[in-house]
Amino acid sequence: MCGIVGIVGKSPVNQSLYDALLVLQHRGQDAAGIVTCEGDKLFLRKDTGLARDVFHTRHMIQLRGNMGLGHVRYPTAGASCSAEAQPFYVNSPYGIVLAHNGNLTNAEALKHDLFAEDLRHINTESDSEILLNVLAHELQLEGKLRIDEEDVFRAIEGVHRRCRGGYAAVAMIPGFGIFGFRDPHGIRPVVYGKRPTPAGDEYMIASESVALDTLGFQLIADIAPGEAVFIDVKGNLYRRQCAARPILSPCIFEFVYFARPDSFIDNISVHKARSRMGRKLAAKIRREWQDHDIDVVIPIPDTSRTAALQLAQALEVNYAEGFIKNRYIGRTFIMPGQQIRKKSVRQKLNAIDLEFRRKNVLLVDDSIVRGTTSQQIIQMARDAGAHRVYFASASPPVRYPNVYGIDMPAASELVAHGRGEDQIREVLAADRLIFQDLEDLIDAVQKQGKSDVDRFDTSVFDSDYVTGDVTEAYLRRLEAMRNDAAKEARRNLGESIIELHNNA
């Protein structure tokens with residue numbers, strides 16, 4: 001999962017790009033990058049780490065120009081590597097820069113074709129570089145010294161014909177403009193908006209609407225599935241549907257966990273969706289556990305707060321904040337390596353004993369992935385004096401890997417994979433376990449059927465991959481690449497290369 005932003009302004013955009021990356025930091029904490037354009041010159045700064053650590057005054061001064069892109073990275077390969085920090089650049093044709101959020105499911109085939117047929121070399125393991133080179137090849141087919149928006153739209157039509165998977169991207173051509181596009185299923189989110197200034201309208205393309213809000217841009221719309229939006233250096237905006245059969249199928253996990261609650265995705269409020277998740281979960285408890293003895297509902301910070309509050313109100317039981325979060329520890333879900341993840345849980349959360357002592361506690365989380373964190377939090381509640389510890393998930397059991405850009409573990413490392421709910425409860429050591437029903441989750445996010453979403457990608461819950469090209473062989477390769485042992489080996493290799501470089 002990553003965050004992307006592009007701005008065409010009437011004044012220097014370096015500060016606005018940086019501010020947008022801070023707002024989108026929740027979408028990736030591994031690396032950050034900004035590239036700006038002044039005339040026909042590009043200026044780039046990118047590295048591993050948080051945006052606040054990557055960019056210093058000396059870097060910002062060098063990022064000149066009224067147009068630029070930004071990116072925060074969340075590695076799907078599982079290890080930090082500065083070579084894979086974005087945005088990516090390719091010299092031919094025109095000098096194209098691209099920032100990408102998502103994952104291409106046919107990346108290996110594309111990489112082969114790019115080398116064998118398009119005569120292009122891929123220098124990293126990132127499928128974002130593959131996407132960039134596919135786009136570059138399609139633009140090169142135009143065979144023109146100077147291109148216009150029609151050439152861009154034809155190139156993106158070619159990208160959609162060749163690429164499979166989930167992708168939202170923003171690209172820039174020096175002296176020409178910025179364009180954003182979204183895969184034909186609209187799996188990954190991307191929006192655009194404008195900000196009036198005395199010199200004229202400025203435009204922003206970003207992963208989430210909250211980035212527009214905080215910088216004073218007015219949301220125009222989501223980029224539709226298969227659509228492309230182009231803004232030239234003069235501030236003219238063009239849009240075009242570039243896919244043959246687009247279907248709006250956003251990833252439902254954006255609403256469950258990843259997106260900020262103050263964002264709108266495909267005209268759906270993330271906050272309201274999570275509120276409805278809580279009410280749906282309460283209805284299930286009333287339906288299946290009428291004589292419950294819950295004394296207090298306690299959320300696991302931060303994403304589950306909205307659902308937990310609505311659940312408590314619907315059940316007419318007390319709601320309390322029982323955990324204090326250390327905000328200077330990174331998300332455990334994102335951290336590379338299971339050992340680091342295990343170590344960080346108690347550093348990240350501390351229980352307030354008074355809220356647990358001698359009570360039957362219902363803990364509420366947005367989801368259960370590996371189960372490691374949930375297991376430790378349940379034990380923390382017991383250590384704090386809870387009489388009984390129940391656990392509720394605002395989403396169904398996560399049983400299958402995500403293939404569209406979320407770095408979930410290998411299937412074998414998902415606590416729900418191959419296990420029934422009673423078996424999961426035993427692993428977590430909870431007194432009772434309640435999962436959201438998938439139908440209720442869909443109904444909650446879809447505003448009781450009032451949204452324009454055709455269907456959601458719910459593959460992590462039901463293995464129904466919306467692109468229709470995910471085979472068992474692909475999932476086996478994914479398993480081999482994503483398991484902790486493979487990630488540890490890649491990380492050790494990267495550290496060895498860095499050490500050799502430092503000693504040279």
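- Panel note: side chain Q446, backbone V453; a donor-acceptor pair is recorded below 3.5 Å.
- A donor-acceptor pair is defined here as one N or O able to donate and one able to accept, closer than 3.5 Å; such a pair exists between the side chain of S207 and the backbone of I4.
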Trace of the side-chain hydrogen bond (donor to acceptor under 3.5 Å, both in side chains) decision for Y404 with S459: CA-CA 10 Å; Y404 301 126; S459 54; 5.8 Å; no
F230 and F176: ring pair (Phe, Tyr, Trp, His ring centres under 6.0 Å), yes or no, with the steps? CA-CA 10 Å; F230 171 68; F176 182 53; 4.9 Å; yes
Worked check of side-chain hydrogen bond (donor to acceptor under 3.5 Å, both in side chains) between D469 and T105: CA-CA 8 Å; D469 62 336; T105 52; 2.6 Å; yes
Checking side chain to side chain contact (heavy atoms under 4.5 Å, CB included) for the pair L63/M60: CA distance, chi angles, key distance, verdict? CA-CA 5 Å; L63 293 170; M60 297 298 288; 4.2 Å; yes
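- When the options L135, V170, L69 are evaluated for a side-chain contact (heavy atoms from CB on, under 4.5 Å) with L98, the one that passes is L135.
- Using a cut-off of 4.0 Å between Lys/Arg side-chain N and Asp/Glu carboxylate O, E138 and R154 are scored as not salt-bridged.
- Side-chain contact of Y167 with H160: a donor-acceptor pair under 3.5 Å is present, judged by distance alone.
- Proximity of a side-chain donor or acceptor of R164 to a complementary backbone N or O of T467 within less than 3.5 Å is not detected.
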Side chain to side chain contact (heavy atoms under 4.5 Å, CB included) between R399 and L414, intermediate numbers included: CA-CA 6 Å; R399 301 187 187 278; L414 298 168; 5.8 Å; no
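- For the atom pair CG (L441) and CZ (F435), the distance works out to 12.5 Å, reported to the nearest 0.5 Å.
- Not a single donor-acceptor pair under 3.5 Å links the side chain of D201 to the backbone N or O of K194.
- Salt bridge absent: K111 and E129 never bring a charged side-chain N and a carboxylate O closer than 4.0 Å.
- A donor-acceptor pair is defined here as one N or O able to donate and one able to accept, closer than 3.5 Å; such a pair exists between the side chain of T36 and the backbone of R64.
- S128 and H100 are linked by a side-chain donor-acceptor pair at a separation below 3.5 angstrom, with hydrogens and angles left out of the test.
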